[in-house]
Amino acid sequence: MELYLKSLREFKSGERGYSTIFIIIQSCLGSIAAMYILINGTSIFQMLQLFMVTIICMIFNASILAQLRSKLVFNLFFISLIVSTLVLVINSI
């Protein structure tokens with residue numbers, strides 16, 4: 001929890017710069033996850049995964065554009081990373 005709070009304070013101090021970096025990281029990871037989903041086919045299960053990754057990434061991007069609270073943006077970034085990583089792992093096995 002201490003690492004989280006320290007990271008959140010650091011994010012708040014340089015929010016504009018970190019937001020730019022976070023968008024790049026999250027977009028790259030989300031697009032890689034989407035590519036692996038589509039490599040495995042276009043069944044309902046894959047389309048639901050693609051929908052989930054796309055929506056989570058869009059919510060994060062919209063939170064930055066809407067200039068929502070720093071803590072919410074920070075948490076959404078990690079949620080999008082976790083979802084994209086899990087979907088990537090599921091589809092790369």
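Looking only at distances, no side-chain donor or acceptor of T42 sits under 3.5 Å from a matching main-chain atom of L38. Within the 3.5 Å criterion, the main-chain N or O of R16 finds no donor-acceptor partner in the side chain of S19. Judged by distance alone, with hydrogens and angles left aside, the side-chain atoms of N40 form a donor-acceptor pair with the main-chain N or O of N91 at under 3.5 Å.
Side-chain contact between I24 and C28: present, with at least one pair of heavy atoms (C-beta onward) separated by less than 4.5 Å. Side chains of F77 and I25 form a contact here, defined as non-hydrogen atoms less than 4.5 Å apart. Under the 4.5 Å side-chain criterion, counting only non-hydrogen atoms from C-beta, M52 is not in contact with L48. Residues F60 and I23 form a side-chain contact, since some pair of their non-hydrogen atoms from C-beta on lies under 4.5 Å apart.
Taking both residues in full, the closest heavy atoms of G30 and V53 are given as O-CG1, 3.8 Å, listed atom of the first, atom of the second, then distance. Across every non-hydrogen atom of S84 and A33, the tightest pair is O-CB, 3.7 Å. The heavy-atom pair separating Q26 from S80 by the smallest distance is CG-OG, 3.3 Å.
Within 6.0 Å of atom CD1 in I44, 12 or fewer heavy atoms from other residues, nucleotides or ligands are found, so the atom counts as exposed in its surroundings. Residue-environment remark: CZ (F78) exceeds the threshold of 12 foreign heavy atoms within 6.0 Å. The neighbour count for M47 CE, taken as heavy atoms of other residues, nucleotides or ligands under 6.0 Å away, is above 12.
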Test ring pair (Phe, Tyr, Trp, His ring centres under 6.0 Å) on F22 and F11 and set out the steps. CA-CA 10 Å; F22 284 0; F11 175 73; 5.4 Å; yes
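Atom OG1 of T54 is separated from atom CD1 of I37 by 7.0 Å, given to the nearest 0.5 angstrom. Here I56 contributes atom CD1 and N61 contributes atom CG; the two are 11.5 Å apart, rounded to the nearest 0.5 Å. Taken from CD in E10 to NZ in K6, the straight-line distance is 8.5 Å, to the nearest 0.5 Å.
A chain of hydrophobic side-chain contacts below 4.5 Å, direct or via other Ile, Leu, Val, Met, Phe, Trp or Tyr residues, connects Y36 to I55. A continuous path of ILVMFWY side-chain contacts below 4.5 Å connects F51 to L29, so both sit in one hydrophobic cluster. Using a 4.5 Å cut-off between side-chain heavy atoms of Ile, Leu, Val, Met, Phe, Trp and Tyr, with links allowed through other members, M1 and L8 fall into the same hydrophobic cluster. Clustering ILVMFWY residues whenever any of their side-chain heavy atoms sit less than 4.5 angstrom apart, transitively, puts V89 in a cluster other than the one holding F45. Under a hydrophobic-cluster definition in which Ile, Leu, Val, Met, Phe, Trp and Tyr are linked whenever side-chain heavy atoms come within less than 4.5 Å, directly or via other members, I90 and L50 are assigned to different clusters.
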Sequence neighbours left out, cut at 3.5 Å: what donor-acceptor pairs do the side chains of residues 66-75 make with other protein atoms?
| residue | atom | partner | partner atom | Å |
| --- | --- | --- | --- | --- |
| S70 | OG | E15 | OE1 | 2.7 |
| S70 | OG | E15 | OE2 | 3.3 |
| N75 | OD1 | Y4 | OH | 2.6 |
| N75 | ND2 | Y4 | OH | 3.4 |
| N75 | ND2 | K71 | O | 3.3 |

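Exactly one residue among V83, L88, I82 makes a side chain to side chain contact (heavy atoms under 4.5 Å, CB included) with L86. That residue is I82.
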